[in-house]
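Structure first, then comments.
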Amino acid sequence: MRVWNKLPPIFLVGVLLAGLLAGCQSGETIDPDDIAYRTAHVTRTSTLVKINGTDVTADEYLFFLGRSVAAAKQYGYLSNDAAWEDHIGETPTAEYLKNDALNAVKLEVILRAKADELGVTLSEEAKAELANELAKAADVLSTQGMTLQQALDGQCVTEATFRTINETYYLANGLVEAMSQPGGELEPTDEKLTAFLEENGIYSCKHILLSTVHEDGTSYSDEEKAAVQERASQLAAEIRAADNPLALFDQRMNELSDDRDLAGNLNGPDGYTPFPGQMVPEFEAGAKALSVGQISDPVESQFGYHIILRMDAVNAESRAAYPQYRMNELLTQWVEEAQVETTPAYDTLEVKEFYDKLQEVAKERQEAGAAALQSAEPTPAPSVSSNP
């Protein structure tokens with residue numbers, strides 16, 4: 001894990017104090033390409049916060065702060081300058097954005113520390129995939145006259161830190177795999193799975209859908225619906241009376257169910273294991289009213305009539321989903337419990353000023369790229385006259 005030295009947060013201006021620049025140690029020279037200094041008055045290697053004793057530099061934190069602001073704009077929270085003085089939820093906008101970025105950085109630090117603790121490292125496959133993705137990004141940017149770093153300048157992050165942030169994604173996947181092994185904290189034992197399913201109201205089922213919706217999206221008439229209901233009742237009775245009801249259910253589901261994709265393939269042939277609220281209310285209520293192995297009478301929803309077979313939710317799908325779900329719970333807990341120490345540089349950081357300056361940098365890099373492309377275009381050769 002990379003740990004940076006803490007730099008004193010000095011905020012001074014004026015030519016008489018030119019030797020004491022913000023965030024610099026004695027004798028340090030500001031890199032003219034340091035976007036963090038230009039946008040937030042701290043060098044990119046300055047410590048903004050400590051998380052569980054680990055230094056977080058401006059280079060990493062400001063990247064996530066820029067993303068938080070961009071997301072807020074995308075969702076319409078910052079439609080004008082006045083919105084910066086408003087609230088997101090019950091929190092002042094700037095404070096909300098700083099906290100959002102802080103939580104993202106907490107997650108990064110915690111994941112890297114946990115990976116280090118358990119000896120989880122990037123696989124060769126992960127390294128190759130990341131290198132390939134960055135190379136593809138660089139190729140695309142080159143068509144705009146920009147390098148990867150020039151584009152990352154517009155997000156206030158160096159390529160090295162950007163790589164580290166992306167590597168953390170792969171470490172997270174490796175952590176889940178390592179912690180899911182026998183004896184691990186995320187091992188999906190039957191006992192853990194059963195408790196997980198009961199706590200979260202998760203169930204499993206298959207169904208045969210007899211649709212009451214025409215291909216153009218219009219609903220059947222009352223008479224047509226009644227005919228479908230009668231057919232569904234007869235089908236449910238036929239299946240329950242069979243020597244092997246489960247086998248006949250699968251056979252009729254494959255033959256008759258209208259729950260299909262655009263290519264006509266059956267959706268959920270092995271069943272569904274949804275969280276509460278994922279299915280329409282009538283379907284969910286009908287499924288939960290059944291015991292495992294029981295087959296329902298026809299259940300009507302906006303889609304038609306469902307014949308539902310309740311299944312055991314301790315299955316391959318829930319077993320595969322449990323480690324990631326439990327990991328998310330642990331990460332939430334670890335983030336909430338993380339010890340945070342802020343610096344004066346963090347406390348006085350002006351979010352709007354930072355983001356406005358960051359947009360200036362992004363615009364400059366785009367314009368420089370366009371100019372570079374234009375200057376690289378070959379000059380047309382002068383026409384040669386055919387006159388003698």
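When a residue number appears, it is its place in the shown sequence, counting from 1.
Atom CD1 of residue Ile308 and atom CZ of residue Phe249 lie 8.5 Å apart, to the nearest 0.5 angstrom. Note: Met311 CE to Leu246 CG = 9.0 Å, rounded to the nearest 0.5 Å. For the atom pair CZ (Arg163) and CD (Glu133), the distance works out to 12.0 Å, reported to the nearest 0.5 Å. Rounding to the nearest 0.5 Å gives a distance of 12.0 Å between NZ of Lys98 and OG of Ser68. Here Ser211 contributes atom OG and Gln302 contributes atom CD; the two are 11.0 Å apart, rounded to the nearest 0.5 Å. Rounded to the nearest 0.5 Å, atoms CD (Glu167) and CD (Glu108) are 10.5 Å apart.
Ion pairing of Glu238 with Arg252 is present here, as a side-chain N (NZ or NE/NH1/NH2) and a carboxylate O approach within less than 4.0 Å. Ionic pairing of Asp250 and Lys206 is present here: one or more N-O contacts between side-chain nitrogen and carboxylate oxygen are shorter than 4.0 angstrom. For Glu60 and Arg112, the salt-bridge test passes: some basic side-chain N is under 4.0 Å from an acidic carboxylate O. The existence of a salt bridge linking Glu364 and Arg38 is confirmed by a sub-4.0 Å separation between a basic side-chain nitrogen and an acidic carboxylate oxygen.
Between Thr161 and Phe63, every side-chain heavy-atom pair lies at or beyond the 4.5 Å cut-off. The shortest distance between side-chain heavy atoms of Ile208 and Ile239 falls below 4.5 Å. Contact annotation: the side chain of Leu141 approaches that of Leu148 to within less than 4.5 Å [non-hydrogen atoms, C-beta and beyond]. At least one side-chain heavy atom of Val280 sits under 4.5 Å from a side-chain heavy atom of Phe303. Taking the side chain as every heavy atom from C-beta outward, Val157 and Leu62 never approach each other to under 4.5 Å. With a 4.5 Å cut-off on side-chain heavy atoms, Leu193 and Ser318 count as touching. Contact check for Tyr305 versus Val299: no side-chain heavy atoms found under the 4.5 Å cut-off. Side-chain contact between Leu349 and Leu65 is present, with at least one heavy-atom pair separated by less than 4.5 Å.
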- Under the side-chain hydrogen bond (donor to acceptor under 3.5 Å, both in side chains) rule, what do Glu329 and Gln333 come out as? Steps first, then yes or no, please. CA-CA 6 Å; Glu329 287 186 328; Gln333 175 186 334; over 6 Å; no

- Apply salt bridge (Lys or Arg N to Asp or Glu O under 4.0 Å) to the pair Glu360 and Lys357, showing each step before the final yes or no. CA-CA 5 Å; Glu360 292 176 7; Lys357 290 182 177 178; over 6 Å; no

- Task: Step by step, work out the ring-ring contact (aromatic ring centres under 6.0 Å, His included) result for Tyr61 and Tyr346.
- Result: CA-CA 10 Å; Tyr61 176 80; Tyr346 174 88; 5.3 Å; yes

- Task: Apply the test side chain to side chain contact (heavy atoms under 4.5 Å, CB included) to residues Tyr220 and Val213: give CA-CA distance (whole Å), side-chain angles for both, the deciding distance (0.1 Å), then the verdict.
- Result: CA-CA 6 Å; Tyr220 280 19; Val213 180; 5.6 Å; no

- Task: Check the pair Asp59 / Thr45 against side chain to side chain contact (heavy atoms under 4.5 Å, CB included), numbers first and verdict last.
- Result: CA-CA 6 Å; Asp59 198 30; Thr45 55; over 6 Å; no

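Sparse packing is recorded around CG of Asp243, with 12 or fewer heavy atoms of other residues, nucleotides or ligands lying under 6.0 Å away. Annotation: Glu255, atom CD; neighbour count of heavy atoms from other residues, nucleotides and ligands within 6.0 Å is above 12. Around atom OH of Tyr77, no more than 12 heavy atoms belonging to other residues, nucleotides or ligands sit under 6.0 Å away. Within 6.0 Å of atom CZ in Arg67, 12 or fewer heavy atoms from other residues, nucleotides or ligands are found, so the atom counts as exposed in its surroundings. No more than 12 heavy-atom neighbours from other residues, nucleotides or ligands sit within 6.0 angstrom of CD on Glu177.
Heavy atoms only, all atoms of each residue included: Tyr203 and Ala287 are closest at CE1-CB, 3.7 Å. Across all non-hydrogen atoms, the minimal contact from Ala345 to Leu48 is CB-CD2, 3.7 Å. When all heavy atoms of Gly174 and Val120 are compared, the pair lying nearest together is C-CG1, 3.8 Å. Annotation for Gln366 and Met146: closest pair CA-SD, 4.2 Å, computed over non-hydrogen atoms. In terms of heavy atoms, Val176 sits closest to Pro323 at CG1-CB, 3.9 Å. Residues Pro298 and Ala236 come closest through the heavy atom pair CD-CB, 4.4 Å.
The closest donor-acceptor contact from the side chain of Asn52 to the backbone of Gln339 lies under 3.5 Å. Side-chain atoms of Asn166 come within 3.5 Å of backbone N or O of Phe162 as a donor-acceptor pair. Judged by distance alone, the side chain of Thr39 and the main-chain N or O of Ile35 form a donor-acceptor pair under 3.5 Å. Of the possible donor and acceptor atoms, one in the side chain of Lys288 sits under 3.5 Å from a partner among the backbone N and O of Gly201. A donor-acceptor contact shorter than 3.5 Å links the side chain of Thr93 to the backbone of Asp86. A donor-acceptor contact shorter than 3.5 Å is absent between the side chain of Thr57 and the backbone of Ser46. Side-chain N or O atoms of Thr348 include one that pairs as donor or acceptor with a backbone N or O of Pro344 at under 3.5 Å. At least one donor-acceptor pair under 3.5 Å links the side chain of Arg319 to the backbone N or O of Pro188. With hydrogens and angles disregarded, a donor-acceptor distance shorter than 3.5 Å links the side chain of Thr143 to the backbone of Val140. Of the possible polar contacts, one joining the Arg240 side chain to the Ser296 backbone as a donor-acceptor pair under 3.5 Å is found.
Within the structure, ring-ring contact (aromatic ring centres under 6.0 Å, His included) pairs that include any residue of residues 307-327 comprise Phe196-Tyr322, Phe196-Tyr325, Phe275-Tyr325 (at least two apart or interchain).
With hydrogens and angles left out, the side-chain atoms of Asp34 and Thr43 include no donor and acceptor closer than 3.5 Å. Between the side chains of Asp259 and Asn267, at least one donor N or O sits under 3.5 Å from an acceptor N or O. Glu282 and His306 share no donor-acceptor pair across their side chains, judged by distance under 3.5 Å alone. Residues Ser257 and His207 have side chains that never bring a donor and an acceptor to within less than 3.5 angstrom of each other. Between the side chains of Thr273 and Asn315, at least one donor-acceptor pair of N or O atoms lies under 3.5 Å.
Both Leu111 and Leu122 sit in one connected hydrophobic cluster of ILVMFWY residues. Membership requires side-chain heavy atoms under 4.5 Å apart, directly or through other members. Residue Ile110 is grouped with residue Val49 when hydrophobic side chains (ILVMFWY) are merged at heavy-atom distances under 4.5 angstrom, including chains of intermediate members. Under a hydrophobic clustering in which Ile, Leu, Val, Met, Phe, Trp and Tyr are joined whenever their side-chain heavy atoms come within less than 4.5 Å, directly or via other members, Leu256 and Leu309 fall into the same cluster. Grouping the Ile, Leu, Val, Met, Phe, Trp and Tyr side chains by contacts below 4.5 angstrom, directly or via other members, places Leu171 with Leu330. Cluster annotation: Leu186 and Leu107 are assigned to the same hydrophobic cluster (Ile/Leu/Val/Met/Phe/Trp/Tyr, side-chain heavy-atom contacts under 4.5 Å, transitive).
In terms of the side-chain contact (heavy atoms from CB on, under 4.5 Å) criterion, residue partners of Gln149 (sequence neighbours excluded) are, by chain and number, Thr147, Leu152, Asp153, Thr158, Glu159.
Ring to ring, His87 and Tyr96 are not that close: their centroids are 6.0 angstrom or more apart.
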